[in-house]
Every structure is written in C-alpha cells, then in structure tokens.
Amino acid sequence: MAGNFSQQGESLTHHKNQMKLFTAIATAAVIGASSITTAPAEAAGCYASTATREMETLMAGGATLKQAWNYSLKNGQVDGSDICWIKIKGYVRQYKLIKPYLYNAIFS
C-alpha cells in the first residue's frame with residue numbers, strides 16, 4: 001500500500017493527515033447538527049419544564065405572571081390548554097424552593 005502512495009507523489013503521512021482532517025470536519029458536522037433542535041414555536045405543545053423555567057426567569061426579572069404566560073404561549077412552550085396549565089402548576093409545586101417567584105404568583 002505504501003508503494004501506491006509514493007507512486008502518486010503522496011506519502012503515507014500526508015494521507016493520514018488528510019484523513020485526520022476529514023475526520024475532524026465530519027465530527028464537527030455531526031456535533032453541529034446534533035445541537036440543532038426544533039424550536040418550540042414550530043412544535044407548539046405543552047413543554048411544562050421549559051415553560052416553567054422561562055416563566056421563572058422572566059418573573060425573577062420583574063415580569064408579571066400574565067406576561068410570563070403570554071411569552072411562553074407566543075414561543076410555543078405552552079399550548080394554552082387547561083391541561084398544560086395544570087402540568088405547569090404541578091411542576092412548580094414540586095419545585096417550591098427553587099421556583100419561588102412563579103410559585104408565589106400561582107399559589108398566593
């Protein structure tokens with residue numbers, strides 16, 4: 001095999017370096033593609049965990065419960081259904097100590 005590379009003017013080392021470069025590019029492409037996710041606005045459903053986290057962050061920054069809910073609705077994190085609201089309330093109730101702004105707004 002080494003004889004074939006030397007006949008083409010390439011060394012085995014040059015070929016190995018090309019393969020390493022190809023592998024690095026392929027790996028970067030796979031990693032990049034795996035980080036692409038469907039935006040919740042496109043998927044429109046009830047993502048109680050995501051919505052709770054976003055609502056808590058907004059309310060910690062000074063937003064009202066209504067503003068935080070509308071943000072989650074607009075961004076497709078919630079579908080506006082009663083069941084979705086129940087899921088969020090259940091999620092918030094489980095995390096009373098780490099989600100105090102949302103907890104207090106919902107249950108106070």
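Keep in mind that this is a model prediction, so the values were computed, not measured.
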Is it the case that one hydrophobic cluster holds both Trp69 and Val92, taking links as side-chain heavy atoms less than 4.5 Å apart, direct or via other members?
yes
Out of curiosity, Gln67 CD to Met55 CE, how far, rounded to the nearest 0.5 Å?
11.0 Å
Joint hydrophobic cluster, Leu65 plus Phe107, side-chain heavy atoms closer than 4.5 Å
yes
If you round to the nearest 0.5 Å, how far is SG of Cys46 from CD1 of Ile86?
10.0 Å
Within-4.5 Å side-chain heavy-atom neighbours: Thr52 and Lys87:
no
Flag yes if Leu73 and Ile88 sit in one hydrophobic cluster, no otherwise; membership is Ile, Leu, Val, Met, Phe, Trp, Tyr, and two members link when side-chain heavy atoms are under 4.5 Å apart.
yes
Restricting to non-hydrogen atoms, name the atom on Met59 and the atom on Thr64 that form the minimum distance, rounded to 0.1 Å.
CG-O, 4.1 Å
Rounded to the nearest 0.5 Å, how far does CG of Asp79 lie from OG of Ser72?
11.5 Å
For Ile106 and Arg93, what are the C-alpha separation, side-chain angles and deciding distance, and is it a side-chain contact (heavy atoms from CB on, under 4.5 Å)?
CA-CA 9 Å; Ile106 292 172; Arg93 200 178 289 272; over 6 Å; no
